[in-house]
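The figures here come from the full heavy-atom set of this structure, side chains too, leaving out hydrogens, waters and symmetry mates. Values in this document were obtained by computation on a predicted structure and should not be read as measured data. Ligands are counted one by one from 1 in listed order, and the atoms in each one are counted from 1 as well.
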Amino acid sequence: MTKALERVNTSDEQPVTTQVVIIGGGIVGVTAALALAERNIPVVLLEKGQIAAEQSSRNLGWIRKTSRHVSDVPMAQAADRLWAQMPERIGRSVGYRQAGIMFLARTQEQMAMYEAWHESVHPLELDSKLLSPAGIDQLVPGGKGAWVGGIYTPSDGYAEPAITTSAIANAAMKKGAILIQNCAVRTLTMSAGAVSGVVTEKGEIRCEQVLLAGGAWSRRFLANLGISLPTLPLICSVLRTQPMKGPTDIAVGGPNFSFRKHQDGGYIITQRGKLDAPVTLDHLLIGHRYLDQLRTQRSFLKIGFGRAFMNDLKMKRRWTSDAQTPFEQVRTNDPLPNHELNQDALNNLKAAWPAFDDAKIEEAWAGLLDVTPDSNPVIDRINALPGLFVATGFSGHGFGTGPAAGQLAADLVSGVQPIIDPAPYRFSRL
Ligand SMILES: Cc1cc2nc3c(=O)[nH]c(=O)nc-3n(C[C@H](O)[C@H](O)[C@H](O)COP(=O)(O)OP(=O)(O)OC[C@H]3O[C@@H](n4cnc5c(N)ncnc54)[C@H](O)[C@@H]3O)c2cc1C
């Protein structure tokens, strides 16, 4: 993971009772904890490893409406408002900047996709605009890429993942939430057909509602309760350069690279067109539900069949509350970065913007995404287990919407008017 991750000091003492338990200390769980604490609702958040140590600190930090599924754009718009209020709400900056996001097209086919998306979001009155090659040059000078055109949204931007979730966690604790790290939730307890608590590795906490915000682990947690949530893992590799003079503050996504400025003056870079897809048993069980995605994105995936398959196979799929679970065995998902992909990304970027010719790699890491068949998350109650809610399956784009997603989950748990229409995120659609 990035060495810049800011650690959080949390409690060691597990209370016997509370109103809401949140499972998972990523951006979604901690934002939900903050929203509930602000409403004076007693809440305990349990994290099996460290706050933000999985996806929420490893991502690129992009906060975008551009190229989102049209049904997901209202959540991104709500998140923009929450990002803007964040420094006042939590008492510090998390590096949020509306520096703009630009995507580039190398072929007419790619450009047609951006045009179609632009047309589809017309009723939402976004500030996105289509760009000509000259328009790209004007915004990000010094490029050598042969672009057909692009799309640009000035109100998109980024924040710093290495500090954001930790800062929100600290604010949640200040407002009364109890957070506990190194404390895995093994399973739920039920009374009279409804959730009545959780069993952690340290004992039971009685509660009225549970919110599962467990990222890539949610599928396994729910499967043990007889609920099938389709998500598959994909690995994205990232590198950070040393501080350098770059061409722009705008975040730019080309077909085979992306970059955005880090607050220390370096750049966060990834190979936008490629993800590692280590095959697991789940791919064989539910892979057919992803055929549509695979048809359009096959060239994006480096499918591998190896150690990941055996490691996953060895991990328990069923357990009881009195024995160690996979959540204690793997405190933090920490996949190795694919240095070859990272180097390709940097080479592709140098070919497009020679300003990166002297870029020096400071560090590299990778993170494991939890992808649903339609790439939208699930934020909903689970009808089969009254009292259980989930906010999970963010499919590689949940940092930007995290503040609104966590708030929506808190709204559903506390029964208040939801911040946005939750319909696109219903579990039943899957
Ligand atoms: C390399 C990479 C790049 C990305 N880039 C972007 C980007 O630029 N913009 C964007 O919007 N999104 C991006 N994403 C996606 C984004 O990071 C995620 O969608 C988001 O962080 C998901 O947050 P989360 O809270 O759902 O999950 P996580 O951050 O994964 O948190 C889940 C937590 O739950 C804990 N947990 C699970 N089970 C248990 C249990 N039983 N008991 C206790 N704790 C448990 C885990 O340890 C984990 O800490 C990227 C992701 C990666 C990996």
Side-chain angles (χ1 to χ4, degrees), residues 1-2 21-33 45-65 68 72 75-76 79 101 156-159 161 164-165 168-169 179-188 198-201 210-222 224 231 233-239 251 253 258 260 268 270-272 275-276 319 325-328 330-335 337-338 364-372 375 377-379 390-403 405-406 409:
M1 82 183 83
T2 166
V21 164
I22 297 175
I23 306 172
I27 190 166
V28 177
V30 298
T31 309
L45 181 148
L46 302 157
E47 165 54 54
K48 66 181 170 56
Q50 300 284 307
I51 296 292
E54 293 202 343
Q55 296 180 79
S56 292
S57 65
R58 293 165 189 259
N59 64 76
L60 311 172
W62 291 43
I63 297 170
R64 66 175 170 87
K65 298 170 288 297
R68 266 182 193 276
D72 202 27
M75 183 144 80
I101 286 183
D156 281 350
Y158 41 83
T164 298
T165 302
I168 300 172
L179 272 59
I180 308 177
Q181 299 178 102
N182 292 309
C183 186
V185 177
R186 290 178 170 171
T187 190
L188 306 179
V198 296
V199 183
T200 80
E201 59 187 293
V210 173
L211 169 64
L212 174 63
W217 297 92
S218 298
R219 172 172 166 75
R220 202 171 283 261
F221 188 90
L222 288 171
N224 188 49
T231 64
L234 289 177
I235 295 175
C236 175
S237 295
V238 186
L239 71 91
S258 84
R260 71 104 178 153
I268 304 279
T270 192
Q271 165 55 297
R272 182 159 167 258
L275 293 165
D276 279 299
W319 56 85
T325 64
F327 315 117
E328 292 137 275
V330 184
R331 294 278 168 198
T332 305
N333 247 329
D334 192 16
N338 184 330
W365 65 84
L368 196 135
L369 316 171
D370 51 339
V371 182
T372 64
S375 288
V378 178
I379 308 172
V390 298
T392 199
F394 285 86
S395 307
H397 47 79
F399 177 75
T401 48

Checklist entry - Which is closest to atom 37 (C) of ligand 1 by heavy-atom distance: G214, P337, A366? => result G214
Per-atom contacts of ligand 1 with [X], taking only distances under 4.0 Å to non-hydrogen atoms:
X	result
G398	10 (C), 11 (O), 12 (N), 15 (C), 16 (C), 18 (C), 19 (O), 20 (C)
G400	10 (C), 11 (O)
A184	42 (N), 43 (C)
V238	1 (C)
I23	39 (C), 40 (C), 41 (N), 42 (N), 43 (C)
F394	19 (O), 26 (O)
C236	1 (C)
R58	1 (C), 2 (C)

Measure the distance from [atom] to every protein heavy atom, then report the residue, atom name and distance (to 0.1 Å) of the closest one.
atom	answer
atom 13 (C) of ligand 1	G396 O, 3.2 Å
atom 34 (O) of ligand 1	G24 CA, 3.1 Å
atom 44 (N) of ligand 1	K48 N, 3.0 Å
atom 51 (C) of ligand 1	L369 CD2, 3.2 Å
atom 9 (N) of ligand 1	W62 O, 2.9 Å
atom 33 (C) of ligand 1	E47 OE1, 3.5 Å
atom 42 (N) of ligand 1	V185 N, 3.0 Å
atom 4 (C) of ligand 1	N59 CB, 3.0 Å

To check you understand the geometry: which heavy-atom pair defines the closest contact between [X] and [Y], and what is its length?
X	Y	value
V371	S395	CA-OG, 3.6 Å
A184	R331	N-NH1, 4.0 Å
V185	F221	O-CE1, 3.5 Å

When you measure from the side chain of [X] to the backbone of [Y], do you find a donor-acceptor pair of N or O atoms at a distance under 3.5 Å?
X	Y	answer
T231	T372	no
T270	S237	yes
S56	I27	yes
Q55	G367	no
R64	G157	no
R260	L60	yes

Next on the checklist: I'd like to check M75 versus P377 (side-chain heavy atoms, cut-off strictly below 4.5 Å). Are they in contact?
Outcome noted: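 When only atoms from C-beta onward are counted, P377 and M75 do touch, with a gap below 4.5 Å.
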Next on the checklist: Is the shortest side-chain heavy-atom distance between Q50 and N182 below 4.5 Å?
Outcome noted: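 Side-chain contact under 4.5 Å: yes.
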Checklist outcome for this item: Which of D276, I235, V238, L275 passes side-chain contact (heavy atoms from CB on, under 4.5 Å) with N338? Answer is D276
Checklist entry - So among V210, T200, L211, L45, which one has a side-chain contact (heavy atoms from CB on, under 4.5 Å) with I23? => result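 Considering V210, T200, L211, L45, a side-chain contact (heavy atoms from CB on, under 4.5 Å) with I23 is found only for V210.
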Checklist entry - Going by heavy atoms, is G61 under 4.0 Å from ligand 1? => result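 Checking ligand 1 against G61, which is what was asked, there is a heavy-atom contact under 4.0 Å.
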Next on the checklist: When you measure from the heavy atoms of A216 to every atom of ligand 1, does any distance fall below 4.0 Å?
Outcome noted: no
Checklist entry - Any N or O of A52 that comes nearer than 3.5 Å to an N or O of ligand 1? => result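 By distance alone, the answer is no.
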Next on the checklist: Using a plain distance cutoff, I'd like to know if R68 has any nitrogen or oxygen under 3.5 Å from a nitrogen or oxygen of ligand 1.
Outcome noted: no
Next on the checklist: Is the ring pair F327/W217 parallel, tilted or perpendicular, if the boundaries are 30 and 60 degrees?
Outcome noted: perpendicular
Checklist outcome for this item: The answer for which part of S395 has a heavy atom under 4.0 Å from ligand 1 is neither
Checklist entry - Using a heavy-atom cut-off of under 4.0 Å, does the side chain or the backbone of F399 touch ligand 1, or both, or neither? => result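 Looking at F399 and ligand 1, atoms from backbone and side chain both fall under 4.0 Å.
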